[in-house]
Amino acid sequence: MNKCPKPKQPLVEHMYTADPSAHVFEGKLYIYPSHDLDKDIPSNDNGDQYAMEDYHVFSMDDMESPVVDHGEVLHMKDVPWVSKQMWAPDCAFKNNTYYLYFPARDKDGIFRIGVATSPNPAGPFKPQPNYIPGSFSIDPAVLVDDDGRAYMYFGGLWGGQLEKWQSGTFNPDAVGPSGNEPALGPMVAELSDDMLTFKEKPQMIQIVDENGNPITAGDEDRRYFEGPWMHKYNGLYYLSYSTGTTHYIVYAVSDNPKGPFVYKGRILEPVIGWTTHHSIVEFKGKWYLFYHDSSLSGGVDSKRCMKYTELKYNPDGTIQTIKPYDD
Ligand code: FUB
């Protein structure tokens, strides 16, 4: 059992955790993070330092309760198609079943997205024998909409390989657009009713500025890099994501789950460490941002710790920008 967490402090300190996806299931807050290894691996743009092998699930009865570690719920040795790097997961509930979605490299070194199921939000999760057909890249985030339809958002540049799929097939030499060309966006695909396959071919989401012009690849303060999250507020769809090289969590809004989305602003200023990755959840009448930084390891990019803080909206629905190290 861990101590009661405080806002902007590590949620747990007995292991390194990152990419926290938070959801309210069965009246409690459940968190599905990546599990960073306590190993020193040289960093590169391919992300080799993120060599994670398994997932733990955490829960809190409320924001004043200790964080419970439910232990290892899935290990890559139990997933036949995985070779390495189990990155940022998410969990969704439908059909009386919890679905854990996770990216990992297949036996050819290509990132795919798999799914594992459990009758319990705390797992353990039983993986499907193969990855989701037609899946690629990283960072799945699933929204089960009010009408029961479920959408998966995913994709990440560089180590996450999104730019290598622009032609529709994997091209290891492909590079992304640059300068004034429209930036790549995250992908979206509606999930089948059984939540195990895509109902359709994934399509790229368009993110535009206030004048309707596509955000360009050179606009690194606003363009999509990785870590999509989708939540709804007052009936609108809020797509939030990391800008990667500039280390912001930003957001864009639409009245349609597939966009186009209009860029609105920043949610989180840069944290300690290269990556920034988050989720947004409403719990017991307040909204929270879950995120990570590398403070627990003294700044090692691949040894991160999940944190939370309250997220506030302005009356017009915009989100107040959070400074991670100010009170
Ligand atoms: O944790 C590995 C990768 O780092 C995630 O997939 C990215 O979003 C970044 O946080």
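Counting starts at 1 for both ligands and their atoms, following the listed order.
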Pick from Glu226, His292, Arg304: the one approaching atom 7 (C) of ligand 1 most closely through a non-hydrogen atom: Glu226
Heavy-atom nearest neighbour of atom 1 (O) of ligand 1 within options Thr275, Asp19, Thr17, Thr276: Asp19
Centroid-centroid distance, Phe111 to Trp87, less than 6.0 Å: yes
Any donor-acceptor N/O pair, Thr276 side chain to Ile249 backbone, under 3.5 Å: no
Heavy-atom side-chain proximity of Asp40 to Lys303 below 4.5 angstrom: yes
Val250 side chain near Tyr263 side chain, heavy-atom distance below 4.5 Å: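 Sidechains of Tyr263 and Val250: in contact.
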For Val262, the option from Val253, Asn211, Val208 that meets side-chain contact (heavy atoms from CB on, under 4.5 Å): Val208
Over 12 foreign heavy atoms within 6.0 Å of CG, Asn180: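 Open: at most 12 neighbouring heavy atoms sit under 6.0 Å from CG of Asn180.
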Protein residue, atom and distance nearest to atom 5 (C) of ligand 1, heavy-atom basis: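 Here the nearest protein heavy atom works out to Asp139 OD1, 3.5 Å.
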Protein heavy-atom partner closest to atom 3 (C) of ligand 1 - residue, atom, separation in Å: Trp87 CE3, 3.8 Å
Part of Ala18 within contact of ligand 1 (heavy atoms, under 4.0 Å):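 Neither; no heavy atom under 4.0 Å.
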Element-labelled atoms of ligand 1 that are located less than 4.0 Å from some non-hydrogen atom of Met52: 1 (O), 2 (C)
Ligand 1 atoms in contact with Ala88 (distance to a heavy atom under 4.0 Å): 6 (O)
Any Gln85 heavy atom less than 4.0 Å to ligand 1: no
Contact (N/O only, under 3.5 Å) between His277 and ligand 1: yes
Shortest non-hydrogen separation from Gln49 to Ile41 and the atoms involved: CB-O, 3.5 Å
